[in-house]
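Working notes, beginning with the structure itself.
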Amino acid sequence: MIEARHLRVLRAVARTGSFSAAARELGCTQPAVSQQMKALEQSAGTPLLVRAGREMRLTQAGEALVRHAVGILAGLTAAEEEIAAIAGLRAGRVRLVSFPSGSSTLVPTALATMRAAHPGTRVSLVEAEPPRSIEMLRNGDCEIALAFRYPEVSSADPAAGAEWDDLVVRPILADRLVGLVPAGHRLAKAGVARFAELADEPWIAGCPRCRRHLVEVCESAGFTPRIDFATDDYPAVIGLVGAGLGVAALPELTLASVRPKGAAAVRLEPAVHREIVALTLPDLAQVPAVEATLDKLVDAAGR
């Protein structure tokens, strides 16, 4: 195998014409230069230098190798510089996948502080709900997935509880569910409602994972919810509630960026939370740009 350090020595010998001059240029001893040239010729399987009086001259094979060495060493130097820039957060890329309510609340703050602190690092964003976002992470389509799960579902379903076991998990936020009722609803002014008090109401459900959780929570309260509408679009859920078409249970984060016109938020009892986390692969967690982005997501939840 031809090593880069041997190519550097060969180039120095070709440029200076002797082992001793090459040694002075490289800051090493003449025997060290001689030894490395012997190792390089052994790797190449043919002589690369011949002695002509006091000078060393390249053979045809040596000339060919020096010619290629210029490009090889230049490429290695460029690679080293680029890697150093990435390691020092002067360059690099992070692909982030987030669910919609995270994209409109946590992500903007995190990306703004990331850009201010590390302007050379580019962070891109696409939206996907779990479990699709987690599949994207495992498939190499992103470096970080902002995701959520409901602890009640995870504890009841071993498969759901183990879905993150092979990933690095950074806790972000415990996001409480709040009730949303039409403004003229009997519980709107109470400010608090038990799930059982909403047993006879038509329900508007969210994403499939949220829908499944809603059914489980309601069944634990003694009833099966009558779901009249289901949509992944939280503003649509809020609009349907505001139009008096039903009630909903939404994560508090979803109300941070949408004005619930015609609807009133009430505290649900018993309290239910969803666990919001940032996920990445173990090897990616060591990449400086990924680590910095994870830190900024954690910071954004505290603001």
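Worth knowing before you read on, the calculation uses all heavy atoms, side chains too, and leaves out hydrogens, waters and symmetry mates.
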Are any of the side-chain heavy atoms of [X] and [Y] separated by less than 4.5 Å?
X	Y	result
Arg93	Glu143	yes
Cys142	Leu96	no
Ile238	Leu250	yes
Val298	Ile172	yes
Phe195	Val272	yes
Ile276	Leu106	yes
Lys296	Leu111	no
Gln42	Lys38	no

- prompt: Please walk me through it: do Val33 and Cys28 pass side chain to side chain contact (heavy atoms under 4.5 Å, CB included)?
  reply: CA-CA 7 Å; Val33 170; Cys28 61; 3.7 Å; yes
Any side-chain to backbone donor/acceptor pair from [X] onto [Y]? Under 3.5 Å, distance only.
X	Y	value
Arg211	Gly206	yes
Arg95	Val126	no
Asp175	Pro251	no
Glu55	Ala52	no
Glu41	Leu49	yes
Thr105	Leu253	no
Ser43	Ala39	yes
Thr280	Val168	no
Arg176	Leu268	yes

If you measure from [atom1] on [X] to [atom2] on [Y], what distance do you get to the nearest 0.5 Å?
X	Y	atom1	atom2	result
Arg8	Arg5	CZ	CZ	10.5 Å
Arg115	Arg122	CZ	CZ	10.5 Å
Met37	Leu48	CE	CG	7.5 Å
Asp228	Leu240	CG	CG	10.0 Å
Leu146	Leu294	CG	CG	10.0 Å
Thr109	Met114	OG1	CE	14.5 Å

Of the non-hydrogen atoms in [X] and [Y], which two are nearest, and what is the gap between them?
X	Y	value
Pro235	Val258	CG-CG2, 4.1 Å
Val13	Ala22	CG2-CB, 3.7 Å
Ala188	Val266	O-CG1, 4.2 Å
Trp164	Ala147	CZ2-CB, 4.4 Å
Glu163	Asp166	O-OD1, 4.0 Å
Ala205	Ile227	CB-CG2, 3.9 Å

Crowded around [X] [atom1]? As in, over 12 foreign heavy atoms under 6.0 Å?
X	atom1	result
Glu82	CD	no
Asp200	CG	no
Arg138	CZ	yes
Arg15	CZ	yes

Does one hydrophobic cluster hold both [X] and [Y], with members joined at side-chain heavy-atom distances below 4.5 Å?
X	Y	answer
Leu279	Leu281	yes
Val66	Phe19	yes
Trp203	Tyr150	yes
Phe148	Met136	no
Val217	Val192	no

query: Ile204 and side-chain contact (heavy atoms from CB on, under 4.5 Å): which partner among Val241, Leu180, Val247?
result: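 Single pass found, and it is Val241.
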Carboxylate-amine/guanidinium proximity below 4.0 Å for [X] and [Y]:
X	Y	result
Arg67	Glu63	no
Arg194	Glu269	no
Glu25	Arg11	no

message: Go through it in stages, so that I can follow the logic: the residues are Glu127 and Ser103, the test is side-chain hydrogen bond (donor to acceptor under 3.5 Å, both in side chains), and I'd like the CA-CA distance, side-chain angles, deciding distance and then a yes or no.
response: CA-CA 7 Å; Glu127 286 190 344; Ser103 299; 3.1 Å; yes
task: Please lay out, stage by stage, how Glu201 and Arg186 fare under the test salt bridge (charged side-chain N to carboxylate O under 4.0 Å, His left out).
output: CA-CA 12 Å; Glu201 303 285 348; Arg186 57 188 171 82; 3.6 Å; yes
- prompt: Going through the distances and angles, do Leu198 and Leu187 end up as a side chain to side chain contact (heavy atoms under 4.5 Å, CB included)?
  reply: CA-CA 9 Å; Leu198 300 170; Leu187 295 174; 3.8 Å; yes
message: Test side chain to side chain contact (heavy atoms under 4.5 Å, CB included) on Val9 and Leu40; report intermediate values, then the result.
response: CA-CA 9 Å; Val9 174; Leu40 180 57; over 6 Å; no
- request: List the steps and the verdict of side chain to side chain contact (heavy atoms under 4.5 Å, CB included) for Leu214 and Leu177.
  value: CA-CA 10 Å; Leu214 172 66; Leu177 259 63; over 6 Å; no
